[in-house]
Amino acid sequence: MADFAQPLLGEREPPPAERRPHAAVIVEDDPDYVSPFGKDTTGHALYSALVTLTLGVLGSTVLPVPYAFSKTGVAAGVITMVLVAAANDATCCMMIRAAAHTGLTTYEQLAEWAGGRRARLFTQGALILLLFGTLCGGLAFLSDVARVMVNQGLGPGSAPPLLEQDGRPVMVLTVLLVLLPLCMQRHIRQFEKAATVGVVVVVALCGIIVARALQLRFPAVADGELQVLHVRLDGHLPEAFAVLGFAFYMQPMLMPLLREMPAGPLGTRLTERAVHITLFGVACGVYGTVGVFGAAIFGAATESNIMVNQLLPGHHTATLILYAALLGYLCCGMVTTHFALRASLDLLLAGPEAPFTWARQTAETLGILAGATCVALLFPTQAEKIFALTGCTAVCLVCYVIPVYIHLAVQRDADKQQLQLQLLKLQQGAAGAAVQPQQQQQQQQQQQRLVANGRLGSLADPILAPAGTAEGGEQPQQPPLLSCRNGGSGHGKGVKQVAGSSNGHCSSSSASSGGAVENSCSGGCCRCCRAVVAVVRRYALPAAIVAIGVGFSMAGIYVGVLDIWDYMHAGAGGQQPSPSSPESELGLPWLGGR
């Protein structure tokens, strides 16, 4: 196991009081161990990551997307969707490369590496709040779908009155028979078969919606209710943007998956490729298909859950089968959320080095599902509204702010290592033959260790492009460092390193007479320009990502505050908003279920 906490050659060993704790990666070496994934080939690992991330991203978020498109219009909805997908793709790549750089594979460990114990506690709180609220909201969403399934699938008067009015009994039964067995799996990649079934259900839903829109010839577009190029400015627009703004996050589920991918640069490349395909290919494709065609069918009457609209009118048996399959699909989406929540709680309660035990996993699984089910049973409406409001803030922190913070810490650490490598090379050149063979071998091993551990391997690649190289290929070239050597008669030479510049274009040398300085870059202007370009390249993308996250979070918080205000006002007046009123549509159930 590589020791990432080992100081570099020539670096001072910090005293014990200043040492920061480093997490260790424990590798089980059991000769009788059988991989739970079978023969884990490259193609199988990529497929497993794809279907797992697909269910983690889509979940129940696919159901309110048509409502969002009916409010934003087609063009604005597609632009928003691509923008959010790009931002989440960038932050996912940041987390993957931070894990490759540090050797740490959990969100909390990366936060502690970047900012210490307080950063780890802050991250743990945000993760648990987001994931538990998502699970509670998902169960409440499951109850709503169950109630609609009974009413539309069996028909009025065909089911017991309790099931017609309340979907919570069906929700509890589904949790016990479907969700609990799926959540008992030890590895997230063992979920790939059930995830494949969930993907098939999503494809079937897309096919039904597309066929229905083609059969009716896009009535909402023909009537002008669905705008293609224009945006309808009304009070529902912030909610519509918030739906799309939080429809692509996968960061909490990504880190447990990364730990089970193949080790080394191959696992990094496969995980990044799976993220790219999932976000830009699968999620954008499914959201675009369901959103555009669903809004084209129902127009202004599109519900915040499209399953409330009648997709198969007059076909009770087909409707019952579709909704039953959808209940199973929603459970599949909640499994990834539960797995990420269980991993965070296990790290908080047992620590990173605790050995696995089935007793502890069973207790954690039962505790999480029991707590979320009790909240969904006792406070179905109040909990959904509160968790939707807190979830807006938690999504912004977990999916945008914290990954950018970790990414900047990784960049600073990589710069330090690049500088030390350059200093090692300068020492080798200055010492020449005086360097002892043993010391020179140690220096070469130090350089090889940094590159082999992946700490410098892929950070130079663009964030929105695949990292690393193909198997057997050459290592990506690192951005050369600008070496500005200022020499003077009788003075030592100073070395200044500036990332992102080419060697030799900005070197200053002293003339033999009078110490006159020649500068091949026309003075300090070139250095300033290159420094500005380097700063912009480093901070422009992180700043844009944070701005996107904060912007959509403000839209979600605005809608959440209004929703809670209307709910409290209606409760104080003894009246509930009618189903057709704008107040009843304002809400964030989409944030509850993933």
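Values reported hereafter were calculated over all heavy atoms of this structure, with side chains retained and with hydrogens, waters and symmetry mates removed.
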If only atom types and distance count, is the side chain of S344 paired as donor or acceptor with the main-chain N or O of A340 below 3.5 Å?
yes
Taken to the nearest 0.5 Å, the spacing of L244 CG from M81 CE works out to 7.5 Å
Does the side chain of W113 reach to within under 4.5 Å of the side chain of V410, using non-hydrogen atoms?
yes
Please name the pair of heavy atoms, one in V84 and one in Y400, separated by the smallest distance, quoted to 0.1 Å.
CG1-OH, 3.8 Å
Heavy-atom closest pair (A98 atom, L110 atom, distance to 0.1 Å) is O-CD2, 3.8 Å
Do L369 and L180 touch side chain to side chain, with heavy atoms closer than 4.5 Å?
yes
Under a 3.5 Å distance rule, please check whether Y287 uses its side chain to pair with a backbone N or O of A247 as donor and acceptor.
yes
Any side-chain to backbone donor/acceptor pair from E112 onto A119? Under 3.5 Å, distance only.
no
Can you list the steps and then say if V178 with L327 is a side chain to side chain contact (heavy atoms under 4.5 Å, CB included)?
CA-CA 9 Å; V178 181; L327 288 179; over 6 Å; no
Within-4.5 Å side-chain heavy-atom neighbours: I406 and M95:
yes
Which atom of Y107 lies closest to which atom of C399, heavy atoms considered:
OH-N, 4.3 Å
So, for M261 and A45, which heavy atoms are closest and what is the spacing to 0.1 Å?
CE-O, 3.8 Å
Go through the steps for E192 and T52 under the test side-chain hydrogen bond (donor to acceptor under 3.5 Å, both in side chains), then give the verdict.
CA-CA 6 Å; E192 64 181 47; T52 304; over 6 Å; no
Rounded to the nearest 0.5 Å, what separation is found between the CD1 atom of I277 and the CG atom of L46?
5.5 Å
Start with the C-alpha distance between R189 and S48, add both sets of side-chain angles, then the distance that settles side-chain hydrogen bond (donor to acceptor under 3.5 Å, both in side chains), and finish with yes or no.
CA-CA 6 Å; R189 284 184 54 193; S48 178; 3.1 Å; yes
Please examine the side chains of P542 and L408, heavy atoms only from C-beta on, and report whether any two atoms are closer than 4.5 Å.
yes
Indicate the atoms forming the closest heavy-atom contact of C284 with A85, along with that distance.
SG-CB, 3.9 Å
Considering non-hydrogen atoms only, spot the tightest contact between R360 and A350 and give its length.
NE-CB, 3.8 Å
Gap between atom SG of C332 and atom NZ of K193 - 0.5 Å precision:
14.0 Å
Test: D144 and R168 ion pair at under 4.0 Å
no
Checking the side chain of Q190 only, and the main-chain atoms of H187 only, is there a donor and an acceptor separated by less than 3.5 Å?
yes
Any heavy-atom pair between the side chains of L50 and T278 that's under 4.5 Å?
yes
Among V197, V199, T196, T337, which residue satisfies the side-chain contact (heavy atoms from CB on, under 4.5 Å) criterion with L55?
V199
Side chain T289, main chain V286, donor-acceptor under 3.5 Å
no
Which is it for L121 and R118 under the side chain to side chain contact (heavy atoms under 4.5 Å, CB included) test, yes or no, and what are the steps along the way?
CA-CA 5 Å; L121 294 177; R118 291 184 178 180; 5.8 Å; no
Does a side-chain heavy-atom distance below 4.5 Å link L127 with Q124?
no
Hey, mind stepping through Q411 and D415 against side-chain hydrogen bond (donor to acceptor under 3.5 Å, both in side chains) and telling me if it holds?
CA-CA 6 Å; Q411 291 290 344; D415 287 345; over 6 Å; no
Output yes when D166 and R147 qualify as a salt bridge under the 4.0 Å nitrogen-oxygen rule, no when they do not.
no
Could you tell me the separation between the SG atom of C136 and the CG atom of L377, rounded to the nearest 0.5 Å?
10.5 Å
Apply the test side chain to side chain contact (heavy atoms under 4.5 Å, CB included) to residues Y249 and T91: give CA-CA distance (whole Å), side-chain angles for both, the deciding distance (0.1 Å), then the verdict.
CA-CA 10 Å; Y249 81 82; T91 54; over 6 Å; no
Q185 side chain to L182 backbone, donor-acceptor under 3.5 Å
yes
Quick check against the 3.5 Å criterion: does Q109 have a side-chain atom that pairs as donor or acceptor with the backbone of L104?
no
For the pair F356 and W358, name the ring-plane relationship: parallel under 30°, tilted 30 to 60°, perpendicular over 60°.
perpendicular
Applying side chain to side chain contact (heavy atoms under 4.5 Å, CB included), run through H338 and V335 and close with a yes or a no.
CA-CA 5 Å; H338 167 269; V335 169; 5.6 Å; no
For the residue pair F248 and D89, establish whether any side-chain heavy-atom pair is separated by less than 4.5 Å.
no
Counting C-beta onward and ignoring hydrogens, is there a side-chain heavy-atom pair between N305 and F141 closer than 4.5 Å?
yes
Do T268 and R97 get their side chains close enough for a donor-acceptor pair, meaning under 3.5 Å?
no
Rounded distance (nearest 0.5 Å) linking atom CD of E364 with atom CG of L348
10.0 Å
Straight-line distance of L326 CG to M149 CE, nearest 0.5 Å
10.0 Å
I would like to know whether N88 and Q251 meet side-chain hydrogen bond (donor to acceptor under 3.5 Å, both in side chains); could you show each step before the answer?
CA-CA 8 Å; N88 282 271; Q251 290 83 349; 3.3 Å; yes
